[in-house]
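Values in this document were obtained by computation on a predicted structure and should not be read as measured data.
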Amino acid sequence: MTFALVTGLGTASASASRTAATSASQQVAPVTGTTSGTTTSATSAGSAASAREQAPPRGRAAATASPLYRTGTLPTMRCQAGQIRAGSAASYRTFVTKIIRCLNLAWKTQFRKTNLAFSQPRLRFSTTKVNTPCGRWPSSAGGLYCSSNRTIYIGVTREVLKNAFPANHAQFIAHEYGHHVQRLAGIMDYYGSSIWRASSSTKLAFSRRLELQADCLGSAFLRKISEDLPVEPAHWDAMVSWVNANGHKNWPKNDHGKGRSQAYWMERGYNAGSPSGCNTWTAPSGRVA
């Protein structure tokens with residue numbers, strides 16, 4: 001089965017061979033070197049590392065009993081991402097690039113604890129709604145993740161650049177990265193097989209678990225960079241309150257969960273600072289409504 005996931009700021013659509021889902025960038029209202037040559041020992045070490053790597057779990061266990069849930073807290077990071085100047089594309093690109101580098105280091109560390117293979121996603125900036133291997137960029141999307149080419153697309157538009165709050169953008173970027181984590185861990189494969197020829201209500205229910213988990217994983221990372229970014233307690237509280245009241249308004253099909261569900265999983269991730277708090281797949285239906 002061919003399966004592709006697109007996430008961003010847009011509407012959701014699904015077909016037998018391609019599923020598109022969306023994720024919101026949360027905004028608070030009133031708010032080089034090169035190395036040549038390879039030694040024998042280095043090659044042997046690389047082979048040994050590859051031998052230790054395990055394939056991710058398959059089927060339902062990939063989501064409900066992921067090894068990531070037993071890896072403890074994410075490492076505390078100093079991203080030194082700097083500030084975003086309102087209207088400045090250059091400062092925004094620099095900020096996003098540094099946050100992605102931090103995410104790469106944090107999740108590489110976490111995957112190493114499980115012996116699951118880790119690879120970095122690609123990052124692509126775009127000032128237009130380009131087509132992706134997963135299909136067309138949703139018209140209202142500010143950014144998206146395409147699982148087919150494991151690429152995070154970030155839009156650099158006037159609308160995006162109006163919001164100069166670093167924590168808001170870091171949460172959005174970490175959410176999209178959360179989908180890459182799901183891809184590597186086998187969770188997305190389980191999601192894809194589960195919605196294959198499923199009813200509309202079943203597809204929506206699985207979509208909510210997928211998106212709410214990405215909210216949680218993104219917030220867990222945000223907690224571990226909160227002192228460096230920084231994330232002020234008052235600003236975090238304002239973000240959660242805004243999502244609780246407004247998070248559902250962009251998603252008329254309820255494929256991302258109600259505002260209170262989004263807020264709940266954001267707080268779970270932030271409080272835990274770990275994937276352990278983000279198992280949406282065994283949560284009661286009321287928590288992923």
Search all heavy atoms of [X] against all heavy atoms of [Y] and return the closest pair with its distance.
X    : Y    : value
G178 : L217 : O-CD1, 4.0 Å
A198 : K203 : O-CE, 3.3 Å
P275 : G72  : CD-O, 3.6 Å
R124 : T151 : CB-CG2, 4.1 Å
E211 : H175 : OE1-NE2, 3.0 Å
P133 : Y153 : CD-OH, 3.6 Å

query = Going by the angle between their ring planes, with limits at 30° and 60°, are H169 and Y92 parallel, tilted or perpendicular?
reply = perpendicular
task = Report the relative orientation of the aromatic rings in H179 and Y145; use parallel for angles under 30°, tilted for 30 to 60°, perpendicular for over 60°.
result =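 Parallel, since the angle between the ring planes stays under 30°.
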Within the distance-only criterion (no hydrogens, no angle test), does the side chain of [X] pair as donor or acceptor with the backbone N or O of [Y] below 3.5 angstrom?
X    : Y    : value
S91  : R85  : yes
R208 : V288 : yes
Q262 : D215 : no
R209 : A283 : yes
Q213 : C278 : yes
S261 : G257 : no
T71  : Y69  : no
N244 : A263 : no
R223 : A272 : no
N271 : E267 : yes

Group every Ile, Leu, Val, Met, Phe, Trp and Tyr by side-chain heavy-atom contacts under 4.5 Å, then state whether [X] and [Y] land in the same group.
X    : Y    : answer
L222 : I152 : yes
W265 : F206 : no
V240 : V231 : yes
L184 : L74  : yes

query = Are there more than 12 heavy atoms of other residues, nucleotides or ligands under 6.0 Å from atom CZ of R101?
reply =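 Atom CZ in R101 is not crowded, with 12 or fewer foreign heavy atoms closer than 6.0 Å.
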inquiry  = So for atom NZ, which belongs to K108, do other residues, nucleotides or ligands contribute more than 12 heavy atoms lying within a distance under 6.0 Å?
reply    = no
key: Option among L229, D228, I99, L105 that satisfies the side-chain contact (heavy atoms from CB on, under 4.5 Å) test with M77   =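 Considering L229, D228, I99, L105, a side-chain contact (heavy atoms from CB on, under 4.5 Å) with M77 is found only for L105.
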note = Only residue of S126, C146, S148 satisfying side-chain contact (heavy atoms from CB on, under 4.5 Å) with T132 is C146
task = Examine Y270 together with W236 and report whether their ring centres are nearer than 6.0 Å.
result = yes
Measuring from atom [atom1] of [X] to atom [atom2] of [Y], what distance do you get when rounded to the nearest 0.5 angstrom?
X    : Y    : atom1 : atom2 : answer
L116 : K113 : CG    : NZ    : 13.0 Å
E176 : L144 : CD    : CG    : 7.0 Å
D237 : S241 : CG    : OG    : 6.5 Å
Y177 : F172 : OH    : CZ    : 15.0 Å

State, without any angle test, whether [X] and [Y] hold a side-chain donor-acceptor pair at a distance under 3.5 Å.
X    : Y    : answer
T94  : T97  : no
H180 : Q120 : no
Q171 : S219 : yes

inquiry  = Taking the cut-offs as 6.0 angstrom to the six-membered ring centre and 45 degrees off its axis, would you call R287 and Y264 a cation-pi pair?
reply    = yes
